[in-house]
Colleague: 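Let me give you the structure first, and then I'll get to my questions.
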Amino acid sequence: MAHTPTSQQATHDINDATGTNDATGTNGTTDSTAGITSNTSSADSTDGTAHVPNSQPNAIEIAIYHRLSKVIDPELGRSITDLGMIAAIEATPHEALPSTYDVIVHVELTVAGCPLSKTITNQINEAVAAYPDATLIPHIEVSAMSQDKLANLVAQLKAERRQNPFTKPGIKTRIFAIASGKGGVGKSSVTANLAATFAALGYDTAAIDADIYGFSLPRLFGVHTQPTNLNGMLMPVVSWGVKLMSIGMFAGSERAILWRGPRLQRSLEQFLSDVWWGSPDVLLLDMAPGTGDMAISVAQTLPNAELVVVTTPQPSASEIAVRSGLVALQVPMKVRGVVENMSYFEHKGERLEIFGHGGGQRVSEQLTHALGYDVPLLAQLPLEPEIREIDDSGRPAVLTPSGELADTPLAAQFTALAQSLMSSTK
């Protein structure tokens, strides 16, 4: 299960967990029907559902196997049949009920006590029960993979992503680095609510807490668990539909971290390449304030990232925010736009500009002039005490307790922001 590094060795122990000797393997995983008791091939799988006209036990086993190929492991993002998690399927006629079969599905999870095992077994039950040509009664037997089988699976997965997966040619992931010139402008809150919005809109969403010194995402997402160590490969924690990774998830993370230079860059590289992200549509990075080592590391490691600058209205914040955007003059990163946070406070129908006026527009205009292309003001977000209260409770404020987008002006603004980011070209 989860690897728990000591307080002063977080990066070193992440390296220990993931290892440095990736075993070679074939591209692809263990898709076979070896666990099915039949050798017949009567299943018609042209529509992907393996419709079997003459329901016999052997044909049912094959059909169920094909139906289970559509059940996706929520952590690895792969079919449970491709991952070799279906060890056997046994269909036997029910003694008392005609046209009814008991179907035993032997499932081997990657780790014992997998936190998402119930999600997987529920999907298996639904796939079996929905079989159209007979009444099937599912019985799920769950165990864990052997160490050898797990080692082979991890070796295959590692062989597919021997490098940073987000810089490969043709990668579909849009990467947005959320930056600010100074702390205290609500950058992490913007990141968390934007990530939650993307996920609620149906995007496969990931977020990395790249603010190594002031990590906030675990608290904002209510995460109190650690990443699962899958035989040397870390699985991101999923909360409110977002795949998350933060140094704050590891043991001893309450201590001050004094990383600089190569060690700092290596922590980001490990978060990118030593964690199984799958193929997310969106990756957000919550950057450390300013233009220090992490900003440079992101630019070097993810040259395809797009910068979103967060500021507040007052001149003292907006002037510094411009500097974070000007990093793009020295590194191959495009500034996608500006978000003005805490723009106003609604009071009895009146907008009170508590922190002044125009900071976001000033940043937008100055960056547009300096960079030579349009850097728009993407959003002006309100100052609302409820945002802090809900975020601090471990739920992004744009979501309802059930995880859907709230019917609020704030959620509507974040929805418009997310759609604007995704509609733009890189």
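Only a predicted model underlies this, so the values are computations on that prediction, with no experimental measurement involved.
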Colleague: State, with a plain yes or no, whether a side-chain heavy atom of Leu194 is found less than 4.5 Å away from one of Phe414.
Modeller: yes
Colleague: Tell me, please, which residues at least two apart from Ser343 pass side chain to side chain contact (heavy atoms under 4.5 Å, CB included).
Modeller: Glu340, Gln380
Colleague: Are Leu244 and Val238 side-chain neighbours, meaning at least one heavy-atom pair lies under 4.5 Å?
Modeller: no
Colleague: By side-chain hydrogen bond (donor to acceptor under 3.5 Å, both in side chains), which residues pair with Glu108, not counting sequence neighbours?
Modeller: Lys149
Colleague: Please collect all ring pair (Phe, Tyr, Trp, His ring centres under 6.0 Å) contacts where either partner lies in residues 177-211, sequence neighbours excluded, each pair once.
Modeller: Phe198-Tyr203
Colleague: Less than 4.0 Å between a side-chain N and a carboxylate O, is that true for Arg219 and Asp392?
Modeller: yes
Colleague: Between Gln361 and Leu377, what is the shortest heavy-atom contact and its length?
Modeller: OE1-CD2, 3.7 Å
Colleague: Between Ser423 and Ser420 (side chain of the first, backbone of the second, donor and acceptor by atom type, cut-off under 3.5 Å), is there such a pair?
Modeller: yes
Colleague: Evaluate the criterion side chain to side chain contact (heavy atoms under 4.5 Å, CB included) for residue pair Leu421 and Phe176; output intermediate values, then yes/no.
Modeller: CA-CA 9 Å; Leu421 290 171; Phe176 300 105; 3.7 Å; yes
Colleague: Can you name the nearest heavy-atom pair linking Asn193 to Val398, along with the distance?
Modeller: OD1-N, 3.1 Å
Colleague: Quick one: CD1 on Ile124 to CD1 on Ile86, what's the gap to the nearest 0.5 Å?
Modeller: 4.5 Å
Colleague: On a heavy-atom basis, which atom in Thr197 and which in Ala418 lie closest, and how many Å separate them?
Modeller: CG2-CB, 4.1 Å
Colleague: Let me know which of Arg174, Lys334, Arg336 forms a side-chain hydrogen bond (donor to acceptor under 3.5 Å, both in side chains) with Glu306.
Modeller: Arg174
Colleague: State whether the side chain of Ser69 and the backbone N or O of His66 hold a donor-acceptor pair below 3.5 Å, judged by distance alone.
Modeller: yes
Colleague: Is a side-chain N or O of Asp286 found less than 3.5 angstrom from the main chain of Thr191, in a donor-acceptor match?
Modeller: no
Colleague: Apply side chain to side chain contact (heavy atoms under 4.5 Å, CB included) to Glu141 and list each qualifying residue two or more places apart in sequence or on a separate chain.
Modeller: Ile104, His106
Colleague: Rounded at 0.5 Å granularity, tell me how far CG in Asp73 sits from OG1 in Thr119.
Modeller: 9.5 Å
Colleague: List the steps, then state whether side chain to side chain contact (heavy atoms under 4.5 Å, CB included) holds for Tyr344 with Leu352.
Modeller: CA-CA 5 Å; Tyr344 55 87; Leu352 305 179; over 6 Å; no
Colleague: For residues Ile247 and Asp209, determine if any side-chain heavy atom of one lies less than 4.5 Å from a side-chain heavy atom of the other.
Modeller: no
Colleague: Hey, what do you get for CG (Leu378) to OG (Ser364), rounding to the nearest 0.5 Å?
Modeller: 8.5 Å
Colleague: Tell me the closest heavy-atom pair linking Met249 and Pro218, and the distance in Å.
Modeller: CG-CG, 4.2 Å
Colleague: Is there a side-chain contact between Leu285 and Ile178 (heavy atoms, below 4.5 Å)?
Modeller: no
Colleague: Measure the CZ-CG distance between Arg388 and Leu383 for me, rounded to the nearest 0.5 Å.
Modeller: 10.5 Å
Colleague: Taking the side chain as everything from C-beta on, heavy atoms only, tell me whether Val338 gets closer than 4.5 Å to Pro376.
Modeller: no
Colleague: Please round to the nearest 0.5 Å and tell me the distance separating atom OG1 of Thr173 and atom CH2 of Trp277.
Modeller: 11.0 Å
Colleague: As a quick check of understanding, evaluate side chain to side chain contact (heavy atoms under 4.5 Å, CB included) for Val107 and Thr121, giving each step before the final call.
Modeller: CA-CA 8 Å; Val107 182; Thr121 55; 5.6 Å; no
Colleague: Does Ser239 reach the main-chain N or O of Phe221 with its side chain, forming a donor-acceptor pair under 3.5 Å?
Modeller: yes
Colleague: Write out all pairs satisfying side chain to side chain donor-acceptor pair (under 3.5 Å) with one or both partners inside residues 402-416, taking only residues at least two apart or from two chains.
Modeller: Thr400-Ser402
Colleague: With no hydrogens and no angle check, is any side-chain donor or acceptor of Thr312 less than 3.5 Å from a backbone partner on Gln314?
Modeller: no
Colleague: Is the NE2 atom of His139 crowded by more than 12 outside heavy atoms at less than 6.0 Å?
Modeller: yes
Colleague: Can you give me the closest heavy-atom contact between Pro138 and Val128, atom names plus distance?
Modeller: CB-CG1, 3.7 Å
Colleague: Donor-acceptor check, side chain of Arg395 to backbone of Ile390, threshold 3.5 angstrom: yes or no?
Modeller: no
Colleague: So, using side chain to side chain contact (heavy atoms under 4.5 Å, CB included) as the criterion, who are the partners of Thr225 when residues are at least two apart?
Modeller: Val223, Val237
Colleague: At their closest point, which heavy atom of Asn341 faces which heavy atom of Pro382, and how far apart are they?
Modeller: OD1-O, 4.3 Å
Colleague: Answer yes or no: is there a donor N or O on one side and an acceptor on the other, between the side chain of Gln123 and the main chain of Val71, under 3.5 Å?
Modeller: no
Colleague: Output the distance between atom CG (Leu367) and atom CZ (Arg362), rounded to the nearest 0.5 Å.
Modeller: 12.5 Å
Colleague: Quick one: are Ser79 and Lys70 in side-chain contact, heavy atoms under 4.5 Å?
Modeller: no
Colleague: Do Val309 and Val339 have side-chain heavy atoms sitting under 4.5 Å apart?
Modeller: no
Colleague: Could you go through the side chain to side chain contact (heavy atoms under 4.5 Å, CB included) check for Ile60 and Tyr131 one step at a time?
Modeller: CA-CA 9 Å; Ile60 289 173; Tyr131 178 73; 3.8 Å; yes
